[in-house]
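Take a look at the structure set out below.
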Amino acid sequence: AALRQRATGPDAGPADALAFGALLLELGCRREAELQLVTAATGGVADARHRLARLYALDGDLVRARRWLAAAPPTPAAMVSEGYLRFKERDFAAAVKSFEAALADGGPTLGDDRQRALLYLGKSLHEARDDARAVPVLEALLAEGTGSVFEAGAAHTLRHIREPQHSAAH
């Protein structure tokens, strides 16, 4: 509530819009997240650009996602967004490269994006038919034991790999 008030109040600036938009995006509130992230991006907050790319990729608008990503500076967090866009484009080899680069360059400084990168790295490796590399990545993520949605995604993907007869076919 305090973040909403700060981001929408009379003294709100682009950085406030980014903070609120990023939180809304994580919570799945896409429409309001878009408004806040566009406000931040057009207000000069570069980090909002790759988050908009991620939002549009999530919605399947890959052309718009690519446009916003092209305007984002090449940070480790932007590399995670690049990897996610490549995953959505079904370019799994390129997605793997983006996620590996983000993890190598950003590591622990990625925050939640680190677990996102690990999950989608594992999923990309699996989709590229490299389960020998995917399984250890996903198992390591699951072993972190934070209870995150990314760990739940890793558990689901591992179950899919180990029991393909119970999962949807590729």
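For this chain, numbers begin at 1 and follow the sequence in order.
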Would you call Arg86-Glu82 a salt bridge at under 4.0 Å N-O?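 Here Arg86 pairs with Glu82 in a salt bridge, since their nearest N and O are under 4.0 Å apart.
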Any chain of hydrophobic side-chain contacts (each under 4.5 Å) joining [X] to [Y]?
{"X": "Leu58", "Y": "Trp68", "result": "no"}
{"X": "Ile161", "Y": "Tyr120", "result": "yes"}
{"X": "Val137", "Y": "Val135", "result": "yes"}
{"X": "Leu24", "Y": "Val38", "result": "no"}
{"X": "Val149", "Y": "Leu158", "result": "yes"}

Would you check if the side chain of Thr109 reaches a backbone N or O of Gly106 as a donor-acceptor pair within less than 3.5 Å?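 Confirmed, Thr109 side chain pairs with Gly106 backbone.
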Exam field: side chain Ser81 to backbone His50, donor-acceptor pair closer than 3.5 Å: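 Yes; at least one donor-acceptor contact below 3.5 Å.
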Is there a side-chain contact between [X] and [Y], using heavy atoms and a 4.5 Å cut-off?
{"X": "Asp131", "Y": "Leu125", "value": "no"}
{"X": "Leu119", "Y": "Gln115", "value": "no"}
{"X": "Glu32", "Y": "Phe20", "value": "yes"}
{"X": "Val80", "Y": "Phe99", "value": "yes"}
{"X": "Glu34", "Y": "Asp59", "value": "no"}

Determine, step by step, whether Leu18 and Leu37 satisfy the side-chain contact (heavy atoms from CB on, under 4.5 Å) criterion, reporting the C-alpha distance in whole Å, the side-chain angles of both residues, the deciding distance to 0.1 Å, and the verdict. CA-CA 6 Å; Leu18 171 64; Leu37 293 172; 3.9 Å; yes
If you round to the nearest 0.5 Å, how far is CZ of Arg64 from CZ of Arg66?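 Nearest 0.5 Å value for the CZ-CZ distance: 15.5 Å.
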Approximate separation, where rounding is to 0.5 Å, of Leu62 CG and Arg67 CZ: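 Answer rounded to 0.5 Å: 11.5 Å.
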For a quick test of reading the model, state the closest non-hydrogen atom pair linking [X] to [Y] and the distance between them.
{"X": "Leu138", "Y": "Leu118", "answer": "CD2-O, 4.5 Å"}
{"X": "Ala134", "Y": "Gly122", "answer": "CB-O, 3.4 Å"}
{"X": "Ala77", "Y": "Leu110", "answer": "N-CD2, 3.6 Å"}
{"X": "Ala48", "Y": "Ala41", "answer": "CB-N, 3.6 Å"}
{"X": "Ser124", "Y": "Ala95", "answer": "OG-CB, 3.5 Å"}
{"X": "Met79", "Y": "Ala101", "answer": "SD-CB, 3.6 Å"}

Yes or no on salt bridge (Lys or Arg N to Asp or Glu O under 4.0 Å) for Arg162 and Glu139, after CA distance, side-chain angles and deciding distance? CA-CA 12 Å; Arg162 293 176 176 144; Glu139 286 175 337; 2.2 Å; yes
Hey, mind stepping through Phe92 and Arg129 against side-chain contact (heavy atoms from CB on, under 4.5 Å) and telling me if it holds? CA-CA 10 Å; Phe92 303 118; Arg129 309 221 185 282; over 6 Å; no
Checking Leu55 against Arg51 for the side-chain contact (heavy atoms from CB on, under 4.5 Å) test, could you report, in this order, the C-alpha distance in whole Å, the side-chain angles of both residues, the deciding distance, and whether it holds? CA-CA 6 Å; Leu55 170 67; Arg51 291 178 188 276; over 6 Å; no
Intermediate values then yes/no, side-chain contact (heavy atoms from CB on, under 4.5 Å), Glu151 and His156: CA-CA 9 Å; Glu151 291 170 11; His156 175 81; over 6 Å; no
Name all pairs fulfilling the salt bridge (Lys or Arg N to Asp or Glu O under 4.0 Å) condition that reach into residues 102-118, sequence neighbours left out, sorted by first residue then second.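 As it turns out, the salt bridge (Lys or Arg N to Asp or Glu O under 4.0 Å) pairs with a partner in residues 102-118, which skip direct neighbours, are Glu26-Arg116, Arg54-Asp113, Asp113-Arg116, Arg114-Glu144.
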